[in-house]
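Here is how names work: the chains are called A, B, and so on, in the same order as the sequence lines, proteins then strands, and each is numbered from 1.
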Amino acid sequence: MSNVNFKATTAPSDFIRDIVAAHVAEGKYHQIHTRFPPEPNGYLHIGHAKSIYLNFGIAREFGGICNLRMDDTNPTKEDVEYVESIEEDVEWLISGWAIDKYGLKPRGKTPEPRTIGGKPDFYLPAVVGKNHREASLEPFYASDYFDQIYEYALTLVKKGLAYVCDLSPEDTDAYRGAPDRSGKDSPFRNRPVEESLDLFTRMKQGEFPDGKRTLRAKIDMASPNIWMRDPVLYRIRHTEHHHTSDKWCIYPMYDFAHCLSDYIEGITHSICTLEFEVHKPLYDWILENLGLPRPLPHQYEFARLNLGYTVMSKRKLMQLVKEQHVSGWDDPRMPTICGLRRRGVTAEALRAFTYNIGITKYNSITDAAVLEHAIREDLNKRALRRLAVLRPLKVVITNYPEDKIEELDAVNNPEDPESGTRKVPFTRDLYIETDDFMETPPPKFFRLRPGGEVRLKYAYIIKCDEVVKDSSGKIVELRCTADLESRTGGPTANRKVKGTIHWVSAPHALDAQARLYDRLFTVPEPDASGDFKKFLNPNSLEVLTVKCEPELKDAKPALHYQFERLAYFALDPDSQLSASNPKLIFNRTITLRDTWAKESQKR
RNA sequence: UGUCCGGUGGUGUAAUGGUAGCACAAGAGUCUUUGGAGCUCUUUGUCAUGGUUCGAAUCCAUGCCGGACAGCCA
């Protein structure tokens with residue numbers, strides 16, 4: 001990669017960072033500790049990137065740590081496929097930026113019991129600053145705390161703050177009431193502590209089938225907050241767990257496991273999305289009623305990302321994959337991290353994007369143009385310029401010798417002088433873009449026309465003398481003459497010609513596949529109402545065989561390219577890079593801004 | 001008609017009682033061997049009504065509008 005100097009992005013400011021900054025100023029915590037806690041039931045998407053950059057950003061800006069934790073309390077939906085993809089994506093997103101704040105733990109380690117001021121405690125510290133790829137380290141798992149969470153459940157039961165309930169799922173629903181209607185006490189609510197203890201133990205031992213009983217917190221069935229109406233803490237699930245195997249048949253609910261996981265890891269700021277706001281009283285209730293000896297974590301909520309022209313829910317993304325509307329989670333049209341990566345979007349662009357949209361509690365839909373702008377800005381600085389013709393039209397320079405080959409100098413990246421130049425071969429037979437010629441052009445068309453002149457980038461000014469058509473009237477070839485003095489540095493090189501177009505020498509042209517992606521959906525809010533799939537864009541992928549300048553035979557997967565005047569491209573992993581017979585596949589990351597397209601649409 | 005949380009140009013986001021700013025989008029111009037990039041300029045906004053104050057986007061009250069919550073999902 002070239003050593004482009006990216007301007008240092010100043011640290012953003014938002015209401016959560018303001019809170020953290022105040023806590024740092026007053027010395028409230030020994031060290032700031034955040035966490036990113038995905039459930040491994042799907043692939044990470046750009047909305048997760050917003051959360052990752054918030055949590056790791058805070059760790060980075062305030063000298064803290066951010067743990068990666070698998071929030072894996074529901075074995076029926078989770079899978080190792082997802083935990084592996086999550087690790088890969090998180091690492092890619094924070095690599096070279098906050099990787100030194102990445103909180104992991106020794107593989108297989110679980111919280112150790114200890115005593116603080118006479119009180120029992122469980123704590124699992126993070127390891128940072130080591131090579132995150134070390135096999136000896138792994139992410140945190142909520143499921144690693146099942147023993148401790150079970151202990152805490154026992155404590156609540158003994159305190160008379162939790163009970164085993166025999167209500168069926170249907171009855172539990174009915175007893176809960178509704179937002180505007182008070183709930184009703186379970187008939188098992190005042191079951192003796194000893195009996196609950198016995199039943200809970202037997203639940204753990206597998207004596208009862210799924211759904212038969214639950215452990216519930218004893219709070220207030222009349223609470224205006226539904227989550228305080230004796231919420232279920234544990235349910236029975238005779239299911240193998242991807243991380244704990246068959247050790248458990250009872251699993252803690254999110255609300256019970258999450259606050260305790262935060263506590264066990266010493267999290268100070270537990271940042272989540274708005275829909276958990278109504279759970280906060282429960283989060284606090286659990287921690288406050290356990291007599292915990294260390295400072296308690298606190299929950300803060302922000303608005304999740306909504307992006308125009310796409311869907312963000314894991315359920316819907318899963319549906320697109322399963323029903324094969326896309327080629328997989330990493331299809332370049334997907335808003336997933338792996339999809340964006342495959343498409344050629346960089347982590348830096350995603351970071352700039354998330355910085356630009358900010359953090360608030362207002363539920364908004366971000367214009368897709370904001371993301372596109374961040375991608376273009378990033379790629380403009382780093383992409384290597386190359387000449388490639390997407391839809392070739394043959395051009396013959398009739399006054400140019402048949403066997404002559406010139407090696408012309410071409411700039412690799414005008415934004416980065418250090419990227420240097422390369423040679424591009426020029427011959428009599430060329431390809432230009434079909435769109436760069438019009439037989440009867442509209443006003444303001446600056447490209448080639450019959451009898452008109454245009455400059456070939458890095459080469460000559462040519463004039464179109466003759467349009468050759470086949471029997472159906474289709475244009476198959478242009479016969480042109482070049483101003484042989486007009487090459488770069490030549491006597492007439494500075495002649496004013498309105499248009500400059502790209503080209504490729506036909507005998508030297510390299511065939512490659514180009515995959516042109518467009519928005520996955522045709523409307524800004526595909527999931528606003530009804531079936532989002534009816535808004536799928538039927539033209540979201542177009543596959544072309546294109547003509548590339550020979551330099552591209554050495555294209556590198558890690559690099560980004562701009563096919564001049566067209567778009568940014570990146571090599572797809574499906575490419576075969578054998579030196580003798582490479583099979584190149586380029587994904588179009590994003591088009592260049594096209595003011596001519598806008599101009600021509602006006603009419 | 002319960003509880004909680006919100007409401008600033010088209011979109012998103014600042015201003016923490018003191019000149020409503022920035023980005024994207026849109027428009028105009030300039031430059032250009034990328035109709036790219038850059039540079040310059042322009043249009044458009046504090047949900048409403050009262051109140052407190054020398055002064056309110058900001059504080060208070062009322063109303064209006066929007067979102068979240070009734071999984072043994074997270």
Whole-Å distance between [N] [atom2] and [X] [atom1]?
| X | N | atom1 | atom2 | value |
| --- | --- | --- | --- | --- |
| A/Glu372 | B/G12 | CD | C1' | 15 Å |
| A/Arg235 | B/C72 | CZ | P | 9 Å |
| A/Phe353 | B/A25 | CZ | P | 13 Å |
| A/Gln299 | B/A74 | CD | C1' | 12 Å |
| A/Tyr362 | B/C65 | OH | C1' | 10 Å |
| A/Asp255 | B/C73 | CG | P | 12 Å |
| A/Asp367 | B/U13 | CG | P | 12 Å |
| A/Asp180 | B/C4 | CG | C1' | 15 Å |

### Message
Under the rule for side chain to side chain donor-acceptor pair (under 3.5 Å), what residues qualify as partners of A/Asn363, not counting sequence neighbours?
### Response
A/Asn306
Could you check whether the rings of [X] and [Y] sit parallel, tilted or perpendicular, using 30° and 60° as the cut-offs?
| X | Y | answer |
| --- | --- | --- |
| A/Tyr254 | A/His258 | tilted |
| A/Trp329 | A/Tyr82 | perpendicular |
| A/His48 | A/His45 | tilted |

Please state the [atom1] separation for the pair [N] and [M] - nearest whole angstrom.
| N | M | atom1 | result |
| --- | --- | --- | --- |
| B/G18 | B/A57 | C1' | 13 Å |
| B/C72 | B/G10 | P | 43 Å |
| B/G2 | B/C73 | P | 30 Å |
| B/U11 | B/G35 | P | 33 Å |
| B/C60 | B/U44 | P | 32 Å |
| B/U19 | B/A25 | P | 29 Å |
| B/A61 | B/U3 | P | 15 Å |
| B/A23 | B/U40 | P | 10 Å |

### Query
Got a sec, which residues hit salt bridge (Lys or Arg N to Asp or Glu O under 4.0 Å) with A/Asp185, two or more places apart in sequence or on another chain?
A/Arg189
#### Entry: Partners meeting salt bridge (Lys or Arg N to Asp or Glu O under 4.0 Å) with A/Glu275 (sequence neighbours left out)
A/Arg304
Give the table of side-chain donor-acceptor pairs shorter than 3.5 Å for residues 174-184 of chain A, with sequence neighbours excluded, one pair per line with atom names and distance.
from: A/Arg176; atom 1: NH2; to: A/Asp173; atom 2: OD1; distance (Å): 2.2

Under 4.0 angstrom, heavy atoms only, what part of the nucleic acid is [X] near: base, sugar-phosphate, or nothing?
| X | answer |
| --- | --- |
| A/Leu167 | base |
| A/Asp71 | sugar-phosphate |
| A/Thr73 | sugar-phosphate |

### Message
For a stem of at least 3 consecutive Watson-Crick or G-U pairs with distances under 3.5 Å, i pairing with j, i+1 with j-1 and so on, which stems involve RNA chain B?
### Response
B:2-7 with B:64-69, B:10-13 with B:21-24, B:26-30 with B:38-42, B:47-51 with B:59-63
Could you tell me which residues satisfy ring pair (Phe, Tyr, Trp, His ring centres under 6.0 Å) with [X], sequence neighbours excluded, listed by chain and number?
| X | value |
| --- | --- |
| A/His23 | A/Tyr29, A/His269 |
| A/Trp285 | none |
| A/Phe445 | A/Trp596 |
| A/Phe353 | none |

### Message
Are A/Tyr283 and A/Phe276 an aromatic pair, judged by ring center distance below 6.0 Å?
### Response
no
Would you say [X] places a side-chain N or O within less than 4.0 Å of OP1 or OP2 belonging to [N]?
| X | N | answer |
| --- | --- | --- |
| A/Ser364 | B/U13 | yes |
| A/Arg315 | B/A74 | no |
| A/Lys361 | B/C4 | no |

### Query
With a 4.5 Å limit on heavy-atom distance, are the side chains of A/Asp409 and A/Lys423 in contact?
yes
### Query
So do the side chains of A/Thr34 and A/Tyr300 get within less than 4.5 Å of each other, counting heavy atoms only?
no
### Task
If the glycosidic angle is within 90 degrees of 0 it's syn, otherwise anti, so just tell me which one B/G38 is.
anti
### Message
Under a 3.5 Å threshold, yes or no: a donor from one side chain and an acceptor from the other, between A/Tyr43 and A/Glu81?
### Response
yes
### Task
Using a 4.0 Å cut-off on protein heavy atoms (strictly under), produce a 5'-to-3' string for nucleotides 29-47 of chain B with B for base contact, S for backbone-only sugar-phosphate contact, and - for none.
----BBBBS----------
Do any N or O atoms of the protein come closer than 3.5 Å to N or O atoms of nucleotides 14-20 of chain B, and which pairs are they?
from: B/U16; atom 1: O4; to: A/Asp18; atom 2: OD2; distance (Å): 2.6

### Message
Any carboxylate oxygen within less than 4.0 angstrom of a Lys/Arg side-chain nitrogen, looking at A/Glu39 and A/Lys77?
### Response
no
Between the protein and nucleotides 66-71 of chain B, which nitrogen or oxygen pairs are less than 3.5 angstrom apart?
from: B/G67; atom 1: O2'; to: A/Asn363; atom 2: ND2; distance (Å): 3.1
from: B/C69; atom 1: O2'; to: A/Trp227; atom 2: NE1; distance (Å): 2.6
from: B/A70; atom 1: O2'; to: A/Arg176; atom 2: NE; distance (Å): 3.3
from: B/G71; atom 1: OP2; to: A/Asp173; atom 2: OD1; distance (Å): 2.7
from: B/G71; atom 1: OP2; to: A/Asp173; atom 2: OD2; distance (Å): 3.4
from: B/G71; atom 1: OP2; to: A/Arg176; atom 2: NH2; distance (Å): 3.0

